Amino acid sequence: MWLLFCCCFGLSFVNTSPYDDVFESYDGHQILSVHSNDRAKRETLRDALPENCDVLKFPHDTARPVDVLCPPESLHRVKRHLESNSYKYDVKVEDVGVKIRAEESYGTRKKRASVADMSWTDFQRYETIKNWMEKLADENPSFTQLIEMGRSVENRVLYALKIGTSPLGNETRSVWIDGGIHAREWISPTTATYLLNELVRAFKEQSSDCKEKGVLSVDWYVAPLINPDGYEYTHTNQRYWRKNRSTNSGSTCKGVDLNRNWNVVGYGAGATSNQPCSDVYKGPSKESEPETKAIGKTVLEHKDNIRIYLTLHSYGAYWLSAWGYTTTLPKDHEKQITLATRGADAIKCVNPSRSYTIGSAGAIFYIAGGASDDWAKATAEIPYSFTVELPGDDFVISKSQIIPIGEEMWAAIKEMAGEAARHPLGKDPAM
Ligand code: 0X9
Ligand code: ZN
């Protein structure tokens, strides 16, 4: 019976349909939250799910549920399997199609973007973000610099904006923030643009606010949307797309998981796949993707000054440090956790009900190698490296959350500035 179930349902982690150029409405799809304190049983569940179900979250903490998105044709079989194997589950989202149309007007957003569209009351398209970054650079030449890092698979420009006046010349410390490596995590690029906007405001005003003064003492690199092709695809075709839009040789399935593609120790470890149809496909080789190459090259050019690398993801409110490819902790684990805690405490001051879970990715989340956080610490030798899983309980999140989450992260970012400013230059002392 068990064998039959596995054969029918396939054995992969998460798979994407080869016919991915069609518009997916998600009508009748459900998200199931599956509860089980038994770690082995949770792993068995992952292996037993059908190929067309998508494991959205698989928390290491067994007190938290595993979230699975399934299409209507699989729901009956999956629920029968859960019930006959005594898994407890709730239907977290009754009809995903209805939810995403209500939250985001998904599928109706083919309108042409313009700079005037930039706001934080809605999720913006690539063109809007790109035009807005160009405008920021044009209007503020004394403290910004637009960096064209490279081009995506579909030839979209990959921008980072440098903000700062380098008050200590070559000795000025800097902080790197990126967003949107995972296409469907819309709150990530949105929060990155929110932070970029606050940074530009603070520099423009030459703010005398004590905390904001700290912000002015370092340089900032913000790359808000590093997987623009995947992001656009989530607006036009499949809201739950995760990867970039590479064509994979020998397969009809597109896309590489850019957060499994970095040239770093641990590439291929844990929740990673060598199957192009998998949502966690690591690519044909390390740094095979133009997006990974472009961002990596830019970070390396500034690595001696960048003291903190911060990459924004969603969801669940976790502040994660390296390593992610192993449960082993780095030598300076306590130092990483101290700064992460300062960030989370600053967030709590803005929103007392917001609680981040803090720890190393491999130990408290799940093991996954080839991610940008490990690369920033091990390869670029940047002293602090964090993945922040922003709040929410789904990749689909209400646009009313954009500003509150932006305000929270802005408070955390000011803490990062203070630490970056006082940290010694040079190679990470822990490496
Ligand atoms: O799996 C990921 O890439 C990240 N989680 S997400 O749900 N946003 O996809 C977590 C990455 C944590 N870092 C490492 N495992 N190195
Ligand atoms: Zn992510």
Side-chain angles (χ1 to χ4, degrees), residues 13-14 16 31 46 54-61 64-69 178-192 224-227 230-231 234 240-244 255-273 278-283 286 289 291-292 309-330 333 336 340 356-380 382 384-397:
F13 173 49
V14 175
T16 49
I31 299 179
R46 166 146 70 192
D54 188 344
V55 179
L56 301 181
K57 273 287 146 168
F58 195 89
H60 180 80
D61 176 4
R64 300 203 191 202
V66 174
D67 288 345
V68 185
L69 168 67
D178 65 50
I181 196 169
H182 284 144
R184 61 193 177 188
E185 298 168 10
W186 285 11
I187 193 66
S188 155
T190 313
T191 303
L225 185 51
I226 60 181
N227 175 14
Y231 181 71
T234 61
Y240 282 87
W241 186 260
R242 168 177 166 103
K243 302 183 282 182
N244 75 348
V256 168
D257 183 350
L258 294 175
N259 213 31
R260 299 291 180 273
N261 188 241
W262 292 77
N263 182 7
V264 64
V265 54
Y267 174 78
T272 304
S273 171
S278 164
D279 239 0
V280 286
Y281 176 46
K282 64 187 167 52
K286 292 174 180 170
E289 301 312 293
E291 294 88 354
T292 325
Y309 171 86
L310 202 145
T311 180
L312 301 174
H313 287 248
S314 75
Y315 55 95
Y318 292 87
W319 196 300
L320 304 172
S321 56
W323 306 116
Y325 73 97
T326 169
T327 52
T328 306
L329 303 173
H333 176 67
Q336 304 291 322
Y356 272 77
T357 306
I358 301 166
S360 86
I364 71 152
F365 210 58
Y366 47 71
I367 292 178
S372 70
D373 49 10
D374 285 353
W375 177 88
K377 188 155 179 73
T379 309
I382 293 171
Y384 288 103
S385 177
F386 300 119
T387 291
V388 176
E389 298 277 352
L390 293 166
D393 64 354
D394 187 354
F395 300 116
V396 173
I397 179 166

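Ligands are counted one by one from 1 in listed order, and the atoms in each one are counted from 1 as well. Computed over heavy atoms, backbone and side chain alike; hydrogens, waters and symmetry mates excluded. Note that the coordinates shown come from a computational prediction; the quantities given were computed from them, not determined experimentally.
Side-chain atoms of Y318 and D61 form no donor-acceptor pair, as typed in the model, at a separation below 3.5 Å. W186 and T234 form a side-chain donor-acceptor contact under 3.5 Å, judged by distance and modelled atom types alone.
Checked against F386 for a ring-ring contact (aromatic ring centres under 6.0 Å, His included), the options Y309, Y356, W319 give a single hit: W319.
The distance criterion of under 3.5 Å between nitrogen or oxygen atoms is met by A368 with respect to ligand 1. For ligand 1, the polar-atom distance check against K57 finds a nitrogen or oxygen pair separated by under 3.5 Å. Polar contact with ligand 1: present for N259 (N/O pair, distance under 3.5 Å).
Residue S314 places a heavy atom less than 4.0 Å from ligand 1.
Within the coordination shell of the Zn ion (ligand 2), defined by N, O or S atoms under 2.8 Å, E389 is absent.
Interface of R260 with ligand 1, defined as ligand atoms under 4.0 Å from a residue heavy atom, comprises 1 (O), 2 (C), 3 (O). Of all the atoms in ligand 1, the ones that sit under 4.0 Å from a non-hydrogen atom of R242 are 1 (O), 2 (C), 3 (O), 6 (S), 9 (O). Within ligand 1, the atoms closer than 4.0 Å to a non-hydrogen atom of A371 are 14 (C), 16 (N), numbered from 1 in the order shown. Ligand 1 places these atoms under 4.0 Å from at least one heavy atom of G324: 14 (C), 15 (N), 16 (N). Close approach of ligand 1 to E185 is summarised as follows: ligand atoms under 4.0 Å from at least one heavy atom of the residue are 6 (S), 8 (N), 9 (O).
The name of the N, O or S atom in H313 nearest to the Zn ion (ligand 2) is ND1. Taking the Zn ion (ligand 2) as reference, the nearest N/O/S atom within H182 carries the name ND1.
Proximity of K57 to R64: side-chain heavy atoms (C-beta onward) are nowhere separated by under 4.5 Å. In this structure, F365 and T357 have side chains that are not in contact, with every pair of non-hydrogen atoms separated by 4.5 Å or more. F395 places none of its side-chain heavy atoms less than 4.5 Å from the side chain of L69.
We find the OG1-CD distance between T191 and E185 to be 11.0 Å, quoted to the nearest 0.5 Å. Here the straight-line distance linking atom CD1 of I181 with atom CZ of R242 works out to 9.5 Å at 0.5 Å rounding. Summarising the geometry, atom NE2 belonging to H182 is positioned 10.0 Å from atom OG belonging to S188; distances are rounded to the nearest 0.5 Å.
Nearest to atom 2 (C) of ligand 1 by heavy atom, out of W262, Y366, F365, W323, is Y366. Closest heavy-atom approach to atom 10 (C) of ligand 1 within the set E389, R184, H313: this belongs to E389.
Here the heavy atom of the protein found nearest to atom 16 (N) of ligand 1 is D373 OD1, 2.8 Å.
Residue contacts with ligand 1, taken as heavy atom pairs separated by less than 4.0 Å, involve A361 solely via side-chain atoms from C-beta onward.
Taking a cutoff of 4.0 Å between a charged side-chain nitrogen and a carboxylate oxygen, E289 and K243 do not qualify as a salt bridge.
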